[in-house]
Asks: 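Here it is, the structure, as structure tokens.
As the structure lists them, so they are numbered: ligands from 1, and atoms in each ligand from 1. All figures in this text were calculated on a predicted structure; none of them were measured in a lab.
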Amino acid sequence: MKTTERRPAAPARNGEVRLTGQPVSPGVAIGHGCVAHDPPPPPVDTARRDCNPEQERTRLHEAITRSTAQLRRLHERLALLPEDGQVEIGSLLDVYRRMLGPSRLRRGIENRLAQGMLAEAAVLQETEALAAFMLTPPGRPAPEGEDAVAARRRAGEFREIGRRLIRNLSGTPYRSFSALPNGAILVAEQLRPADAALIDPSRIAAVVTEEGGSTGHTAILLRALGIPAVLAAHGVLAQMGRRTRLVVDGMTGRVTIRPATRTAAAARVAVAAYARERQMLGRLRRLPARLSSGEVVTLQANLEIPAELPMIAQSGAAGIGLLRSEFLFMNAAGVPDEDQQEAVYRPLIEAMAGDPVTIRVVDWGSEKNSDVLARMGIGDGGEVNPALGIRGIRLLLQHRGLLETQFAAILRAAMAGPVRVLLPMVSSMGEMRAAREIYARIGRRLRRRGVDIPDPLPPLGIMIETPAAALMADVLAQDAEFLAIGTNDLTMYALAADRAARDVAGLYDPLHPAVLRLVRMAADAGLRQRRPVSLCGEMASDPRCVPLLVGLGVRSFSMHASAVPRVKQAIRAVGMDDCRRMAHRALEAADGQEVSAMLTACADSLRQDGDG
Ligand code: PEP
Ligand code: MG
């Protein structure tokens, strides 16, 4: 995937060449670049139709046996990797191994062999056909947004397993990184996930590639391995000579080739600062999220896909505050049934080892659409204003079977640890009551059947995402056992500015006092009704905002796992009086810019106090 325009790199006056690619894994490294060339794949004759199917089938089975053994050896190497790398790479290797088993891919290849094709050609054409099917499903619009990212990843998985089989069919070797010297910076045309799995993070200082993007498996693996990496740094290979020095900044995407003395010195300082910061954030992980005045705040993590679990475990988060269950329906062949859903929830709950997990039932509609449901004619009604149409709980109450299945799966999985169940996009008491009635009924049904579920049922709560829910939070909280403020949508609905539209991006501002006043109303309502209140919109990941939100009465936050240490740091630097002062000033401000300027000034003065 080529994501940025190619421009020839020109040296600066001091002789160094600077390129910018996609930053995919943070950290700074300085070292010699070593180019790892991939032996070119053999040409494949796709025209032949006169091969002996039996012979080709035997060759294919031998290649499958060799590929399976290679994947098993890669799996054995996992123990050498950091824990988060192990989980990420392990699940990817499992995907490859499943493809080599009795899969749709295997059936497709065998059908082509029956037509007299060469095994290499059958593999190439079948994997390409499946990849194309993922990217542009026939008769349906091409996937967009997160679905498109998932589709590209899946297409990449088919192509990767195809390349492996073809290499094994033709006996073409893989490249090896074992000859690279310690501390080298690996430079390559592109790096496939299986290559990334071979990298030893204790030996390779950084990775730079010509091709690639930030959302693929390779990027995820490099992040999991903690290797600073910049992908899509076009022109880097043309600059590489013998022992070419490089500085790689995985935070900004900057790659400096043949750095001048000053640049190299600055890079050494940045390497040391990054190491210190990681150490400091690592120490923070074990410290409580406590204000300097003593009050404790809960910091939890949001989970979009299970692959984030290792990062959550490392972040020091006290549980999962928002499990967006939409991933279950992405890229799936059909609606996952009760058993399939339980099999996903249970290990996630077990992995949190007693820390609570808040599972939100699917929130389809608005800017989020599911291919699987669309195929069933659900949630893709072509509304004029989808954000104001059938989404979240509205959709689930129209298609109750979906809600019943998900409730049942969650209740069964809840035997594995503490769980809470969250309803999205609630705007009236009627919706809350209808959902609770279904929840209780499903609970009774499971018990009647002798299925083990918790008694009492796990708490059922609601997202506060609409101004109506915030204004009525005290009434809703009579029935909802907890409130989770979703400022992403609350901002959109309060300010009538679409969160996904570029034209109104300037109007979409979670720091607008109108949004903050709604947050305070919801927090007050929770306090009055003795219901726990958390906040799980993007603003919970911003260390500048969280003290203000504490001042507004919120004591629990759920955020992207990577934000937990910094938010904790911000919490520990302020006292409750500071938070309340910020909240008071913000609620009286004229607009979001004024609030933002105030928060920046507060953060600066706290930093100076800390330095002084
Ligand atoms: C929100 O709206 O703030 C929220 C957390 O939900 P989502 O971003 O999934 O709509
Ligand atoms: Mg939302």
Side-chain angles (χ1 to χ4, degrees), residues 144-147 149-150 298-305 308 312 317 319-330 357-370 373 379 385-396 406 420-427 431 435 461-470 473 476 480 482-501 505 508-512 514-516 518-519 521-523 532-542 545-546 549 552 554 556-561 563-564 567:
E144 286 175 15
E146 284 178 11
D147 283 352
V149 172
T298 304
L299 304 184
Q300 295 183 313
N302 292 349
L303 181 140
E304 314 260 345
I305 48 169
E308 288 172 293
I312 292 176
I320 296 174
L322 172 65
L323 187 155
R324 290 180 165 104
S325 60
E326 289 82 42
F327 71 85
L328 278 163
F329 292 73
M330 283 178 200
V357 177
T358 300
I359 303 177
R360 186 176 70 184
V361 291
V362 286
D363 180 21
W364 289 119
S366 192
E367 86 288 1
K368 306 175 200 166
N369 279 309
S370 155
L373 296 185
N385 285 319
L388 304 181
I390 303 298
R391 66 168 291 194
I393 194 67
R394 299 174 183 179
L395 186 144
L396 292 170
Q406 198 167 12
R420 305 193 306 174
V421 184
L422 181 57
L423 306 172
M425 185 63 189
V426 170
S427 57
E431 288 164 342
I462 56 169
M463 294 284 295
I464 302 286
E465 293 175 294
T466 60
L476 291 166
F482 65 96
L483 308 177
I485 307 173
T487 43
N488 303 340
D489 280 318
L490 189 57
T491 303
M492 167 163 87
Y493 294 121
L495 303 180
D498 193 331
R499 63 193 267 191
Y508 179 91
D509 184 358
L511 289 177
H512 193 296
V515 180
L516 301 180
L518 291 169
V519 169
M521 287 190 90
V533 178
S534 62
L535 188 146
C536 54
E538 284 304 301
M539 69 190 305
S541 299
D542 184 342
C545 296
V546 175
L549 296 167
L552 292 172
V554 183
S556 172
F557 300 89
S558 188
M559 64 204 73
H560 190 265
V564 171
V567 168

Asks: Considering only N, O or S atoms, which atom of E465 is nearest to the Mg ion (ligand 2)?
Replies: OE2

Asks: Which atom, among the N/O/S set of D489, is closest to the Mg ion (ligand 2)?
Replies: OD2

Asks: Apply side chain to side chain contact (heavy atoms under 4.5 Å, CB included) to the pair M492 and E465, showing each step before the final yes or no.
Replies: CA-CA 9 Å; M492 167 163 87; E465 293 175 294; over 6 Å; no

Asks: Test your reading of the model: is there a side-chain donor-acceptor pair from Y493 to the backbone of A468, 3.5 Å cut-off?
Replies: no

Asks: Nearest non-hydrogen contact with atom 10 (O) of ligand 1 belongs to which option: R499, R324, M539?
Replies: R499

Asks: Would you mind listing which atoms of ligand 1 come within a distance below 4.0 Å of any non-hydrogen atom of G537?
Replies: 3 (O)

Asks: Find all atoms of ligand 1 within a distance of less than 4.0 Å from any non-hydrogen atom belonging to G486, and give their numbers and elements.
Replies: 1 (C), 2 (O), 3 (O)

Asks: Could you tell me which atoms of ligand 1, counted from 1 in the order shown, lie closer than 4.0 angstrom to a heavy atom of L322?
Replies: 5 (C)

Asks: For E326, state whether at least one heavy atom is located under 4.0 Å from any atom of ligand 1.
Replies: no

Asks: Would you mind telling me if ligand 1 is within reach of the side chain of T487, the backbone, both or neither, using heavy atoms under 4.0 Å?
Replies: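 For T487, the contact with ligand 1 is made by the backbone alone.
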
Asks: Can a salt bridge be assigned to the pair R394 and D363 using a cut-off of 4.0 Å between side-chain N and carboxylate O?
Replies: no

Asks: Heavy atoms only: give me the nearest P532-R420 pair and the separation to one decimal.
Replies: CB-NH1, 4.1 Å

Asks: Between OG1 of T487 and CD of E538, what distance do you get to the nearest 0.5 Å?
Replies: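 So the gap between those two atoms works out to 8.0 Å.
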
Asks: Consider side-chain contact (heavy atoms from CB on, under 4.5 Å). Of N488, L495, D498, which one does Y508 pass it with?
Replies: N488

Asks: Give the atoms of ligand 1, by number and element, whose distance to some non-hydrogen atom of M463 is under 4.0 Å.
Replies: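 Ligand 1 atoms under the 4.0 Å threshold to M463: 4 (C), 5 (C), 6 (O).
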
Asks: I'd like to know whether S534 forms a side-chain hydrogen bond (donor to acceptor under 3.5 Å, both in side chains) with Q300, so could you lay out the CA-CA distance, the side-chain angles of the two residues, the decisive distance to 0.1 Å, and finally the verdict.
Replies: CA-CA 10 Å; S534 62; Q300 295 183 313; 5.9 Å; no

